[in-house]
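Note that the numbering runs from 1 along the sequence shown for the chain. Both ligands and their constituent atoms are indexed starting at 1 by order of listing.
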Amino acid sequence: MILKGFKDLQDYLSAPKNIVIIGHRNPDGDAIGSTLGLKHYFDKKGHTTQVLMPNEYPDFLHWVPGSETVYRFDRQNNQSVKALAKSDIIFLLDFNALHRVGDDMKKTLERYENDFALIDHHQQPDDFKYMYSDTSMCSTCQMVYNFIEMLDDVALIDKNIATCLYTGIMTDTGSFRFRSTTSKTHRIIADLIDRGAENDRIHSNVHDANSYDRLLLLGQALSNLKIYPEYKTALITLSQEEKDNFNYQKGDTEGVVNYALSLKNIIFAAIFIEDKEQGIVKISLRSKGSFSVNQFARKYFNGGGHDNAAGGKSNLSMEETLTKFTSLLPNYKNELNQSYEA
Ligand code: 5GP
Ligand code: MN
């Protein structure tokens with residue numbers, strides 16, 4: 001755990017400030033929940049805050065309280081640049097390095113002259129003036145709760161803040177089932193429910209928001225599933241054409257990789273999603289036990305993440321990417337077979 005400059009930050013925030021809060025490119029539930037949860041808290045403390053996201057995020061997150069106030073850097077570029085220009089400090093949430101916001105936004109942030117504060121649970125964070133980094137945390141939302149607790153303000157957590165933080169903890173833990181979920185996570189969740197988070201509605205808003213096309217796309221993905229039992233590995237592919245056939249929308253493939261991991265005796269799962277527009281194959285990796293997909297993604301696919309959930313990309317064709325992936329598996333045969341004792 002790294003906690004850097006906390007006392008100075010606390011002093012700095014004792015007077016009203018103009019604050020910009022930023023999440024990573026392709027924001028997920030934890031990025032949306034943590035940025036908006038922190039925004040509602042800062043607003044209550046008398047600060048002026050603006051949340052910026054690099055690009056769009058899935059429909060099933062648009063109901064999160066405060067979502068309508070978010071500026072998208074790609075779409076509302078003028079407003080975003082103005083908000084940055086008049087800000088005193090930038091909070092970076094749920095990502096570890098500036099490149100995770102994408103090239104355009106990164107260039108703007110690199111010219112920023114005031115300070116950055118990072119709250120994040122990804123490995124190998126870059127260095128910023130103020131930092132709260134803890135890779136053992138299940139979610140950035142849990143860290144925002146801890147941050148508010150460190151500032152002695154848990155009593156200020158209201159229904160909006162509780163709803164935002166619940167959402168990110170729920171999505172980043174796969175509904176409280178991944179290894180990173182601790183008794184402390186459950187205690188925080190209990191407190192968030194006491195403070196107004198309507199757990200049944202939050203689950204339903206996120207998980208029961210499928211379109212018919214999304215379910216058919218899932219059907220296509222599952223029919224493309226391939227299993228490599230000797231490596232305890234399963235993979236799923238989706239081509240651009242298949243995505244187009246089912247009117248692919250942002251977020252439609254979220255969680256699909258977990259179906260591969262749900263197979264008995266599979267501890268390494270991958271999904272390869274072709275993106276013709278960007279000319280890449282986007283890769284999501286998941287594992288159980290000690291096999292680190294973070295290291296695998298960093299080493300071979302220009303990515304990163306956590307030990308059991310990571311992502312990356314490939315500039316090769318789908319076919320070449322799959323060949324590269326499957327030809328790497330024999331090198332990890334022992335590790336994969338020893339990673340997890342069921
Ligand atoms: P997902 O597979 O759900 O997109 O991402 C899983 C985890 O890996 C997330 O924590 C995410 O931040 C990280 N991740 C996904 N794609 C990339 C990538 O291209 N680069 C890096 N550094 N991390 C990624
Ligand atoms: Mn997260």
Side-chain angles (χ1 to χ4, degrees), residues 21-38 53-58 60-61 92-103 106 118-126 132-147 164-176 178-181 185 206 221 235-236 238 250-261 268-273 275 278 280-287 292-315 321:
I21 308 173
I22 299 176
H24 54 80
R25 198 177 141 76
N26 300 326
D28 58 4
D30 194 30
I32 297 293
S34 60
T35 52
L36 287 173
L38 189 63
M53 288 295 164
N55 63 341
E56 66 178 320
Y57 53 95
F60 62 78
L61 293 171
L92 307 172
L93 264 61
D94 200 35
F95 64 99
N96 56 347
L98 286 186
H99 70 85
R100 296 280 290 126
V101 298
D103 288 345
K106 179 179 173 233
L118 173 110
I119 303 179
D120 177 51
H121 65 141
H122 292 87
Q123 304 194 358
Q124 303 179 25
D126 283 353
Y132 173 29
S133 159
D134 189 344
T135 58
S136 76
M137 288 285 155
C138 68
S139 58
T140 302
C141 278
Q142 179 164 330
M143 300 179 74
V144 169
Y145 182 98
N146 291 345
F147 181 69
C164 292
L165 300 186
Y166 187 106
T167 301
I169 296 175
M170 179 191 80
T171 55
D172 255 29
T173 58
S175 298
F176 321 116
F178 298 153
R179 258 206 313 179
S180 53
T181 311
T185 308
V206 171
L235 67 83
I236 292 174
L238 275 175
K250 190 107 198 158
D252 278 356
T253 54
E254 208 135 306
V256 175
V257 65
N258 294 315
Y259 285 91
L261 199 64
F268 183 23
I271 186 167
F272 298 86
I273 303 169
D275 184 335
Q278 289 193 66
I280 60 165
V281 176
K282 177 72 194 143
I283 304 163
S284 284
L285 303 172
R286 299 290 185 270
S287 67
S292 171
V293 287
N294 170 51
Q295 282 174 28
F296 192 89
R298 273 177 196 275
K299 196 160 175 193
Y300 304 111
F301 293 108
N302 198 18
H306 312 277
D307 284 338
N308 295 125
K313 53 185 168 297
S314 161
N315 297 315
T321 304

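With hydrogens and angles left out, the side-chain atoms of T140 and S34 include no donor and acceptor closer than 3.5 Å. Side-chain contact annotation: S292 with D307, donor-acceptor N/O pair under 3.5 Å present. Between the side chains of T135 and Q123, no donor-acceptor pair of N or O atoms lies under 3.5 Å.
Between F301 and F296, the two ring planes are tilted [angle within 30° to 60°].
Going from atom SG of C164 over to atom CG of L36 covers 5.0 Å, rounded to the nearest 0.5 Å.
In terms of protein heavy atoms, atom 3 (O) of ligand 1 is closest to R286 NH2, 2.8 Å. Closest to atom 7 (C) of ligand 1, if we only count protein heavy atoms, is A309 O, 3.5 Å. For atom 9 (C) of ligand 1, the nearest protein heavy atom (residue, atom name, distance) is H122 NE2, 3.9 Å. Given atom 20 (N) of ligand 1, the protein heavy atom at minimum distance is G303 CA, 3.5 Å. The nearest protein atom to atom 18 (C) of ligand 1, hydrogens excluded, is given as G311 O, 3.6 Å; this is a heavy-atom distance.
Under a 4.0 Å criterion applied to the non-hydrogen atoms of G312, ligand 1 contributes the atoms 16 (N), 19 (O). Ligand 1 places these atoms under 4.0 Å from at least one heavy atom of H306: 10 (O).
Side-chain N or O atoms of N302 include none that pairs as donor or acceptor with a backbone N or O of G312 at under 3.5 Å.
Counting just the N/O/S atoms of D94, the one with the shortest distance to the Mn ion (ligand 2) is named OD1.
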Could you check N96 against H121 for side chain to side chain donor-acceptor pair (under 3.5 Å), going step by step and ending with a plain yes or no?
CA-CA 8 Å; N96 56 347; H121 65 141; over 6 Å; no
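In this comparison of R100, Q123, R25, R298, the heavy atom closest to atom 11 (C) of ligand 1 sits on R100. Scanning G304, A270, A31, S284 for the heavy atom closest to atom 14 (N) of ligand 1 points to G304.
Angle NE2(H121) to the Mn ion (ligand 2) to OD2(D30): 100° [nearest 10 degrees].
Not a single N, O or S atom of D28, from either the backbone or the side chain, sits less than 2.8 Å from the Mn ion (ligand 2). At least one N, O or S atom of D172 sits under 2.8 Å from the Mn ion (ligand 2). Not a single N/O/S atom of H122, whether from backbone or side chain, sits less than 2.8 Å from the Mn ion (ligand 2).
Between P125 and S133, the shortest heavy-atom contact is CG-OG, 3.5 Å.
Around the OH atom of Y300, the shell of radius 6.0 Å holds more than 12 heavy atoms that belong to other residues, nucleotides or ligands.
Residues F176 and Y166 bring their aromatic ring centres within 6.0 Å.
Only the side chain of K282 comes within contact range of ligand 1, with a heavy atom under 4.0 Å; no backbone atom does.
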